[in-house]
Colleague: 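Below is one structure. I have some questions about it.
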2 protein chains.
Amino acid sequence: MSLSVDRDKFQAADKPTLYKQIRLDIERRILTGEWPPGHRIPFEHELMTRYGCSRMTVSKALSELAQADLIERRRRAGTFVRRPKFLSAVLTIPDIRAEITALGRSYGYQLIRCARRAANDADRARLGVRKTGKVIAISCRHSADGVPFAIEDRLIDLDAVPEAATADFAIEPPGTWLLHHVPWTEAEHSISAIVADDQTAAALDIASGAPCLVIDRHTWRSARTLTAVHLVYPGESHKLVARFKGG
Amino acid sequence: MSLSVDRDKFQAADKPTLYKQIRLDIERRILTGEWPPGHRIPFEHELMTRYGCSRMTVSKALSELAQADLIERRRRAGTFVRRPKFLSAVLTIPDIRAEITALGRSYGYQLIRCARRAANDADRARLGVRKTGKVIAISCRHSADGVPFAIEDRLIDLDAVPEAATADFAIEPPGTWLLHHVPWTEAEHSISAIVADDQTAAALDIASGAPCLVIDRHTWRSARTLTAVHLVYPGESHKLVARFKGG
DNA sequence: CACAGGAATATGTATAGACATATTGATACC
DNA sequence: GGTATCAATATGTCTATACATATTCCTGTG
C-alpha cells in the first residue's frame, strides 16, 4: 500500500490577490533562507509602503503566516522568522475501505469477532480509562482484491460512543463507521515493527517471521477516550508515506 | 446600547477577543456534532447580528476556521462544515541526538564510513537526480547509554549543499548538522518494516531475524534534492509517535 | 547604580463602507 | 426541453481610521 499524502492546500490555483502575493513573497524569502530563523521582518508600516497598501492588508498576510507557524509576532518588538519545524510531516492515514476502493481494487471485509461486554482490566488499560463501563471489542480483516491487507483489533468505549451500539460491524468496518459518525479532536499514533507470529501470519497469509508494520492509534474527543485500535500490515510490501509540503 | 453592553460582558469573561470567541463557539458546535459535516453555517450577516459585531470580525473568525480546514466557504452558496478529514497527524521525527539527550540518556555517535565522491548510478537513483555531481556518502550509528539506537545511511548532494564539505561528520552527526545549517521546504518519509539481516543485526546488537523499523527520508528545497537518508531502528523497542491535536 | 515609572512604538482588534467576483436561480429565448 | 443571459447574493479583498495592549526604551529619582 502506499498511503500517499497530498497537502493540496497550496495547489488551489486562486487569483493572486495582493495579500496573497505579500504572503507568498515573505514565505519565499523565509524558505530560501534569505530571511533566516530569528530574522526580524520589516515592520508593518514599512511593508505597507513597500507594497503600497494599507496596514490591514499587510496584517492579514502576516496573520496567516503566523497561523501557519512560519513567523512569530511580538508586540512592540516586531515580527520574526520562527525556527522551521524540522523533521515534522503530515501523516495521513485514510479510512482503509476508502483507500482500497480509491485504488480501483475490490475491497473485502471480514468480521472475525465482535463482542459487547463490560470492560475488563485489560480493556481499561488499553483505553486508558479508570472506571468500569461497557466496551465493544472487534477483530476484523481487510483485504484488497482478495489479498489480506491488514488485520484490525479495536476497542470502542460504549459510554463515550453510545451510538456504536446501533452500528452493524458485520457489514461496515468499524473504522469507516467511526469516521463518518464520530467527530474527534485528538489522535495519537504509535508506529512500530514486529515479526509475524503464527496466528498473525495465518491471518495475513504471509510466512511466520515475516516483518509487519504495526500502528496503534488512540483517539479522543476533548480528553475523553473514544477508541483504541491495533492495526497490523504486512511490512515489506506496505509503506506509510508522509510528505510535508511547504510553500 | 444594549448591544455594546453584551459585548463588554463577552470580553470580560476571560481574555479572548470577540473574533476568537466567535471562532471557538463555531468550533465547539462542529466538534460536538451540533453542526454536522455538510451543515450550512449561518451567513455572515446573520452571525454579525447574532454576535453584534461587524462583518469583518465575523469574517476573520471564519477565515481562520477555513485555514484550519474545519469549514469551507463558497461564494454565493455560503459556508459549510467540512466532511470529516482523513485521520491525519503530525509525525515528528526529531533529530536523533536531541531526542536521546532530551530523554536524559547519554548520546553516542560513531562514524562508520564517510566518503566524498562523484555520484555513481546508484547514488543518482537514490537522490532522484540525473546529472552527475559530487555527493557525500555517510554511514554512522547512534546509541543511547551505549546501546545501539539506530543506524543511518545517508547521501548528501554536494552541489545542492556545498557547505556540507566543510562539516566534520566525525564529530557531529550529519542529521544534526543539516538540521542547523540547511533549510528545506519538502520532505517525504517512507516507513516500513523489515527483519534484520546478519549485518544489520550485528550493527544494532540484536538477533538476526528481529524486526526493524525503517524510515527512508528524502528532503528537498524548492524541488532540488538535498539529502536522502535510510534509518534502521530496532523495531520492538522503538516507536514512532504521531499525534494530532485539533483545536 | 538600581529601579520605578512613564513615553514611545509595533502589533492586535474592531469598525463602516466600498467594490470585486464567483455562483446560484430565475427568466427568456430558441 | 435545452440553453444563453442576467440579476441577486454571499463571500473575498481592501481602505482609512481608531483605540487597545504589550513591550521596550529611556529618564528621573533615590
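Heavy-atom basis, side chains included; hydrogens, waters and symmetry copies ignored. Residue numbers begin at 1 in each chain, while the letters A, B, ... track the order of the sequences.
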Colleague: Are D159(A) and K134(A) within salt-bridge range, i.e. N to O under 4.0 Å?
Modeller: no

Colleague: Rounded to whole angstrom units, what separation is found between the CG atom of L47(A) and the P atom of dT15(D)?
Modeller: 13 Å

Colleague: Does P36(B) have any side chain to side chain contact (heavy atoms under 4.5 Å, CB included) partners at least two apart in sequence or in another chain, and if so, which?
Modeller: H39(B)

Colleague: When we call it a touch if two heavy atoms are under 4.0 Å apart, what does R74(A) touch: a base, just sugar-phosphate, or nothing?
Modeller: sugar-phosphate

Colleague: Can you tell me which nucleotide in dA14(C), dT11(C), dA16(D) comes closest to the side chain of Y19(B)?
Modeller: dA14(C)

Colleague: How many whole angstroms separate atom CE of M56(A) from atom P of dT15(D)?
Modeller: 10 Å

Colleague: Between dA18(D), dC14(D), dA16(C), which nucleotide has the shortest distance from any of its atoms to the side chain of S54(A)?
Modeller: dC14(D)

Colleague: Does the side chain of Q21(A) come under 3.5 Å of the side chain of Y51(A) through a donor N or O and an acceptor N or O?
Modeller: no

Colleague: Heavy atoms, side chains only, cut-off 4.5 Å: are P173(B) and Y107(B) in contact?
Modeller: yes

Colleague: Rounded to whole angstroms, how far apart are CZ on R23(A) and P on dT13(D)?
Modeller: 10 Å

Colleague: May I have the distance from E72(B) (atom CD) to dA10(D) (atom P), rounded to whole angstrom?
Modeller: 17 Å

Colleague: Side-chain donor-acceptor pair under 3.5 Å between R40(B) and T79(B), yes or no?
Modeller: no

Colleague: Is K20(A) near enough to dG12(D) that one of its side-chain N or O atoms lies under 4.0 angstrom from OP1 or OP2?
Modeller: no

Colleague: Is the shortest side-chain N to carboxylate O distance from R73(B) to E44(B) below 4.0 Å?
Modeller: yes

Colleague: Go through residues 57-65 of chain A and report each residue with a non-hydrogen atom lying under 4.0 Å from DNA chain D, sorted by number.
Modeller: T57(A), K60(A)

Colleague: When the distance from CD of Q21(A) to P of dG12(D) is rounded to whole Å, what number comes out?
Modeller: 18 Å

Colleague: Please report the distance, rounded to the nearest Å, between OH in Y51(B) and P in dT13(C).
Modeller: 17 Å

Colleague: Hey, which of these two, L18(A) or R76(A), hits DNA chain D nearer its 5' end, going by closest nucleotide?
Modeller: L18(A)

Colleague: Between R75(A) and G78(B), name the one whose nearest nucleotide on DNA chain D is closer to the 5' end.
Modeller: G78(B)

Colleague: R40(B) CZ to dA10(D) C1': how many Å, rounded?
Modeller: 10 Å

Colleague: Is a salt bridge present between R23(A) and E27(A), judged by a nitrogen-to-oxygen distance below 4.0 Å?
Modeller: yes

Colleague: For the side chain of F43(B), counting heavy atoms from C-beta on, which of dA14(C), dT11(D), dA10(C) is nearest?
Modeller: dT11(D)

Colleague: Go through the N and O atoms of the side chain of R73(B) and the base of dT11(D), and report whether any donor-acceptor pair is under 3.5 Å.
Modeller: no

Colleague: Would you mind reading off the distance between R55(A) atom CZ and dG12(C) atom P, rounded to a whole angstrom?
Modeller: 9 Å

